[in-house]
Undergrad: 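Have a look at the structure that comes next, please.
This chain uses plain numbering: 1 for the first residue, then up along the sequence.
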Amino acid sequence: MTPSELLIDSFERVREGALAAIDGLSEEQLAHRVAPDANSIARLVWHAYRVQDEHLADAAGLQQVWAARGFIEHFDLDIDEDDTGYGHTSAQVGKVRAPAELLARYVEAVHKQTLARVGGLSAEDLDRVVDTSWDPPVTLGVRIVSVINDDTQHIGRAAYVRGLLD
C-alpha cells in the first residue's frame, strides 16, 4: 500500500462514518443536543469537515471548499471564512443547523477535494514542512494524521449521539 492509498482509505472511512451518522435524520434530530452545552450531530459533522477543509486547503495553498463552493452562504452561520468552529461558545454551537442533504453535500465536496490533494502523495511529499509556527515545524504527513485523528473523534461522537436518538 502506498502512502496515498493509505490516506485515501482513511478519509474514505471518515466519509462513510459521517454520512452514516446523518443518514435519514431530520434537521431537528441533527440539531438535537443531549445536554444544554453538548454538540449536536450537525455540529460534529460540520466541524470535522470544516477542520479537514481548512487544514488541507492551507497545506496545499488552495481556497477552501467552504468559500469556493458557496457553503459559507448556504450554512448562514455569520462567521469568518476561516472559522472552523474551534473555541465556539455554546450559543455558537447551537446555531449550526442544517438539513442532512446540505451536510452530505459539504462532506462530499470536501472529500472530493481531499482525495485530489492526497492522491498520488509520496513519502517524500509527506516530509514537506507546511507550518513553521510550531516547534518542531509541522510536516504535511503530521498535519494529515492530525486531521484524520480529529475527524475520527468527531465522527465517532456523532455516531454515538446518533445511537442515542435511534
Side-chain angles (χ1 to χ4, degrees), residues 7-119 130-131 138 143-166:
L7 296 172
I8 288 168
D9 185 56
S10 298
F11 283 113
E12 288 283 354
R13 292 170 190 234
V14 170
R15 176 187 155 274
E16 289 168 7
L19 295 175
I22 63 176
D23 184 50
L25 295 182
S26 68
E27 189 171 335
E28 271 310 305
Q29 289 170 309
L30 290 165
H32 177 73
R33 297 169 85 177
V34 297
D37 292 329
N39 281 299
S40 66
I41 294 170
R43 172 49 165 68
L44 290 162
V45 171
W46 172 83
H47 174 62
Y49 277 83
R50 282 297 301 125
V51 169
Q52 185 179 136
D53 189 11
E54 189 277 330
H55 280 34
L56 296 181
D58 181 63
L62 299 172
Q63 187 178 20
Q64 298 171 39
V65 169
W66 180 244
R69 305 253 179 100
F71 286 100
I72 192 168
E73 289 86 14
H74 291 302
F75 278 85
D76 193 29
L77 296 175
D78 191 32
I79 58 174
D80 292 334
E81 184 176 317
D82 290 331
D83 193 331
T84 63
Y86 181 76
H88 275 188
T89 65
S90 181
Q92 288 172 307
V93 167
K95 288 182 180 180
V96 180
R97 295 182 61 97
E101 180 271 332
L102 177 58
L103 284 165
R105 281 193 301 123
Y106 185 55
V107 166
E108 294 289 11
V110 171
H111 181 70
K112 181 178 178 182
Q113 288 297 322
T114 296
L115 295 190
R117 291 177 188 139
V118 302
V130 295
D131 188 347
V138 177
R143 177 61 43 89
I144 291 171
V145 168
S146 175
V147 168
I148 292 168
N149 179 59
D150 189 68
D151 282 353
T152 56
Q153 290 185 51
H154 284 84
I155 299 308
R157 289 173 60 200
Y160 175 78
V161 175
R162 168 72 187 245
L164 294 174
L165 294 177
D166 287 344

Undergrad: Can you name the closest pair of heavy atoms from V65 and A109 and give their distance?
TA: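 Shortest heavy-atom separation between V65 and A109 comes out as CG1-CB, 3.6 Å.
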
Undergrad: Which residues satisfy the side chain to side chain contact (heavy atoms under 4.5 Å, CB included) test with A31, sequence neighbours excluded?
TA: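 Checked A31 against side chain to side chain contact (heavy atoms under 4.5 Å, CB included); matches are R97.
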
Undergrad: Less than 4.5 Å apart, any side-chain heavy atom of I22 and any of R162?
TA: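 No, their side chains stay 4.5 Å or more apart.
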
Undergrad: Going through the distances and angles, do F75 and L103 end up as a side chain to side chain contact (heavy atoms under 4.5 Å, CB included)?
TA: CA-CA 9 Å; F75 278 85; L103 284 165; 3.9 Å; yes

Undergrad: Is it true that a side-chain atom of Q29 and a backbone atom of S26 form a donor plus acceptor pair closer than 3.5 Å?
TA: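 Looks like yes, one N/O pair under 3.5 Å.
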
Undergrad: With the threshold set at 4.0 Å, does a side-chain nitrogen-carboxylate oxygen contact exist between E54 and R50?
TA: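 The answer is no: the pair does not qualify as a salt bridge.
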
Undergrad: Going through the checks in order, is the side chain to side chain contact (heavy atoms under 4.5 Å, CB included) test met by D58 and H55?
TA: CA-CA 5 Å; D58 181 63; H55 280 34; 5.9 Å; no

Undergrad: Please collect all salt bridge (charged side-chain N to carboxylate O under 4.0 Å, His left out) contacts where either partner lies in residues 60-85, sequence neighbours excluded, each pair once.
TA: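 Residue pairs passing salt bridge (charged side-chain N to carboxylate O under 4.0 Å, His left out), neighbours aside: none found.
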
Undergrad: Check whether any side-chain heavy atom of I8 sits under 4.5 Å from a side-chain heavy atom of V118, and report yes or no.
TA: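 Counting from C-beta outward, I8 and V118 do come under 4.5 Å.
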
Undergrad: Would you please name every residue forming a side chain to side chain contact (heavy atoms under 4.5 Å, CB included) with Q92, sequence neighbours left out?
TA: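 Side chain to side chain contact (heavy atoms under 4.5 Å, CB included) check on Q92 returns H88, T89.
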
Undergrad: Is Y106 close to V45 at the side-chain level, that is, under 4.5 Å between some pair of heavy atoms?
TA: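 Side chain of V45 against side chain of Y106, heavy atoms only: no contact under 4.5 Å found.
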
Undergrad: Given the rule in the side chain to side chain contact (heavy atoms under 4.5 Å, CB included) test, do F11 and L56 qualify, once you have shown the distances and angles that lead to the verdict?
TA: CA-CA 12 Å; F11 283 113; L56 296 181; 4.0 Å; yes

Undergrad: Between Y49 and D151, do the side chains contain a donor N or O and an acceptor N or O under 3.5 Å apart?
TA: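 No, no side-chain donor-acceptor pair sits under 3.5 Å.
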
Undergrad: Listing request: all ring-ring contact (aromatic ring centres under 6.0 Å, His included) pairs with a residue in residues 16-41, at least two apart in sequence or in separate chains.
TA: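 Residue pairs with at least one partner in residues 16-41: there are none.
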
Undergrad: Mind checking side chain to side chain contact (heavy atoms under 4.5 Å, CB included) for A60 and listing every partner two or more places apart, or none if nothing turns up?
TA: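 Expected list: L62, R117.
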
Undergrad: Going from OG on S90 to CZ on R33, what distance comes out if it is rounded to the nearest 0.5 angstrom?
TA: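 If we round to the nearest 0.5 Å, S90:OG and R33:CZ are 4.0 Å apart.
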
Undergrad: So, taking the atom named CD in Q52 and the one named CD1 in I148, what distance separates them when rounded to the nearest 0.5 Å?
TA: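 It comes to 8.5 Å.
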
Undergrad: Would R13 and T152 count as having a side-chain donor-acceptor pair, cut-off 3.5 Å?
TA: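 T152 and R13 do not have a side-chain donor-acceptor pair below 3.5 Å.
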
Undergrad: V107 versus R15: any side-chain heavy-atom pair under 4.5 Å?
TA: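 Result yes, sub-4.5 Å side-chain heavy-atom pair found.
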
Undergrad: Any chance you could measure L30, atom CG, to L25, atom CG, to the nearest 0.5 Å?
TA: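 Answer for the CG-CG pair, L30 versus L25, is 5.0 Å.
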
Undergrad: What's the shortest heavy-atom distance between A38 and V93, and which atoms?
TA: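 Minimum heavy-atom contact is O-CG1, 4.0 Å.
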
Undergrad: R43 side chain to G85 main-chain N or O, any donor-acceptor pair under 3.5 Å?
TA: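 The answer is yes, because a donor-acceptor pair under 3.5 Å joins these two groups.
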
Undergrad: Can you name the closest pair of heavy atoms from K95 and L77 and give their distance?
TA: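 Looks like O-CD2, 3.3 Å.
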
Undergrad: Should T84 and W66 be marked as a side chain to side chain contact (heavy atoms under 4.5 Å, CB included) after you check the CA-CA gap, both sets of side-chain angles, and the distance that decides it?
TA: CA-CA 10 Å; T84 63; W66 180 244; over 6 Å; no

Undergrad: Sequence neighbours left out, what passes ring pair (Phe, Tyr, Trp, His ring centres under 6.0 Å) with H47? Give chain and number order.
TA: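 H47 satisfies ring pair (Phe, Tyr, Trp, His ring centres under 6.0 Å) with H154 only.
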
Undergrad: With rounding to the nearest 0.5 Å, note down the distance linking CG in L19 to CD in E108.
TA: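 Here the rounded value is 5.0 Å.
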
Undergrad: Any side-chain heavy atom of T114 sitting closer than 4.5 Å to one from V147?
TA: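 No, their side chains stay 4.5 Å or more apart.
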
Undergrad: Working to the nearest 0.5 angstrom, can you tell me the gap between E16 CD and E12 CD?
TA: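 Nearest 0.5 Å value for the CD-CD distance: 6.5 Å.
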
Undergrad: Do any N or O atoms from the side chain of D53 and from the backbone of Q64 form a donor-acceptor pair under 3.5 angstrom?
TA: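 Judged by distance alone, no pair lies under 3.5 Å.
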
